[in-house]
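Below is one structure, written out as structure tokens; comments come after it.
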2 protein chains.
Amino acid sequence: MTDRLPHTLRSDARDNRERILDAARAVFAAEGLTVPMREIARRAGVGPATLYRRYPTKEMLVTEAFTDQMRACQSIVDEGLADPDPWHGFCLVIEKICELHARDRGFTAAFMSTFPHAMDFAAIRAYSLTSVAELARRAKDAGRLRPDFVLDDLILMLMANSGIHASSPAARVAASRRFAALTLQAFHTSPASSPLPPAPRLVPGVSTHRRNPTGETDG
Amino acid sequence: MTDRLPHTLRSDARDNRERILDAARAVFAAEGLTVPMREIARRAGVGPATLYRRYPTKEMLVTEAFTDQMRACQSIVDEGLADPDPWHGFCLVIEKICELHARDRGFTAAFMSTFPHAMDFAAIRAYSLTSVAELARRAKDAGRLRPDFVLDDLILMLMANSGIHASSPAARVAASRRFAALTLQAFHTSPASSPLPPAPRLVPGVSTHRRNPTGETDG
DNA sequence: ACAGTAACGGACGCTGCCGTCCGTTTAGCT
DNA sequence: AGCTAAACGGACGGCAGCGTCCGTTACTGT
């Protein structure tokens, strides 16, 4: 067997890989993405070299560590989309995603593309966003979501949600929950609603804008 | 003259102090509070030792650099308080403070007490908050602000606002403006409004709670 | 003009993180 | 059991930011 390609990891290597991923997930959730690589290695009980061998860059590690979170995020959106009441589905999506982000400091940053380019799950992100756009369209048609809502508003609220800090994870989740509720109040149609300032352009690819009434330069 | 205390700075020292403060304000606004002290010294055209002599700790420099911003913040609140229409005043306060924070990355962090203890202008902050609380009370009495609004909601939105990032300052301001408008929609009374989850406890000193209907432990 | 001292800033040593090298260990196969 | 190569991890050099020391510069008051 001279030409066996290392498509399969040795048992100890596979074991270490798991431990690294577990440690990374735990510490990313608690501290965010800024933790030193060595700290993750330490918690995983491996040397730095082992960590770097498996994941030469932090971006790779992050991508791998958050793939399932990303999938969870997508299935939340799918659930919302499956809801017979689009506004109800929309609310669920907002609430659950906010909670997801509140529980995991790192995931927020990863989702927001703290790593600006080439995040592997950019595709999933884009797919989720278009799904939400569809859900939003339906909720608008049902007359429950304000007509001037655009997808960038969602990004905006997600960014805003990521700004919420608190002493404990529990407190952060509680704050985020209230924030989500307030956000939904803002998105809800209401006789008292007044026109909004122009929407920011935050997500270049997708768009719910059919038309852009203002000629404003956007950044 | 053996016992002259250095209550007065030498002319060059005073000059340097100004340049340091200017540089600090500029770079804090653009980059936030995380910039290295040396960077500020460099931009001010002084050596590191000079900077450290004048401001032994970054906290002191930040305090001094943002004192006027803090005062601006307070006068915004005073203006709002002086408005005959409390809801209108409330809106102005939210909008202007959000803009202030959007224009200055550093100020947000300073205001949010990134430096957890002993920020010198904690007093001003507290005063502003109680003023807003008063304004909120009036706006509630006028039936325009939702009755379950609490001061912590304001902190919450300010934190959230600080989470808004963008490629350019202009884009950030635009996004923040829309965010403020959405926030006000959420705070506005509306026949369609539904009850909110329990308020987080974010600002220990002041409170608009007269009673706390939920027995929830708050973090 | 000069003395005296306030103020300056280059240079230093420290710490923490980074990414890599290389001698050692150990799983996997016969 | 023994061989081989995969995998490991301690150790290294490099870099960036920190806060301080101390020899030099230049205001200020006589």
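Values in this document were obtained by computation on a predicted structure and should not be read as measured data.
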Looking at [Y] and [X], is any side-chain nitrogen of the basic one under 4.0 Å from a carboxylate oxygen of the acidic one?
X	Y	answer
A:E64	A:R17	yes
B:E18	B:R14	no
A:E134	A:R137	yes
A:R178	B:D152	no

Item checked: Test item: B:L51 and B:L61 side chains (from C-beta on) under 4.5 Å apart, heavy atoms ->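 Heavy-atom side-chain distance check passes, below 4.5 Å.
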Notebook entry, point to check: Any side-chain heavy atom of A:I97 sitting closer than 4.5 Å to one from A:L158?
Noted result: yes
Next item on the list: Give a yes or no answer on whether the side chain of A:D83 reaches the backbone of A:G80 with a donor-acceptor pair at less than 3.5 Å.
Entry: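 Absent.
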Check: Does B:R177 reach the main-chain N or O of B:E99 with its side chain, forming a donor-acceptor pair under 3.5 Å?
Finding: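 Answer holds: no.
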Within the pair [X] and [N], is there a side-chain N or O less than 4.0 Å away from OP1 or OP2?
X	N	result
A:R54	D:dA7	no
A:T50	D:dA7	no
A:R10	C:dT26	no

Next item on the list: Can you run down the side chain to side chain donor-acceptor pair (under 3.5 Å) pairs that involve residues 38-48 of chain B, sequence neighbours left out, and say none if there aren't any?
Entry: B:E39-B:R42, B:E39-B:R43
Margin query: Nearest to the side chain of A:K58, heavy atoms from C-beta on, is which of C:dA27, C:dC18, D:dG9?
Written below: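 It is C:dC18.
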Just the rounded figure in Å: distance from [atom2] of [N] to [atom1] of [X].
X	N	atom1	atom2	result
B:R53	D:dC18	CZ	C1'	16 Å
B:L51	C:dA11	CG	P	18 Å
A:R14	C:dA27	CZ	P	13 Å
B:D15	C:dC8	CG	P	10 Å
A:E31	C:dC17	CD	P	12 Å
B:D12	C:dA6	CG	P	13 Å
A:L9	C:dT26	CG	P	18 Å

Checklist line | DNA chain D contacts made by residues 37-44 of chain B, counting heavy atoms under 4.0 Å | finding: B:M37, B:R38
Margin query: What residues from residues 16-29 of chain A pass a heavy-atom cutoff of under 4.0 Å to DNA chain D?
Written below: A:N16
Check: Hey, does A:A49 reach any base, or is it just sugar-phosphate, or nothing, if we go heavy atoms under 4.0 Å?
Finding: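 Base: the residue A:A49, judged by heavy atoms under 4.0 Å, touches a nucleobase.
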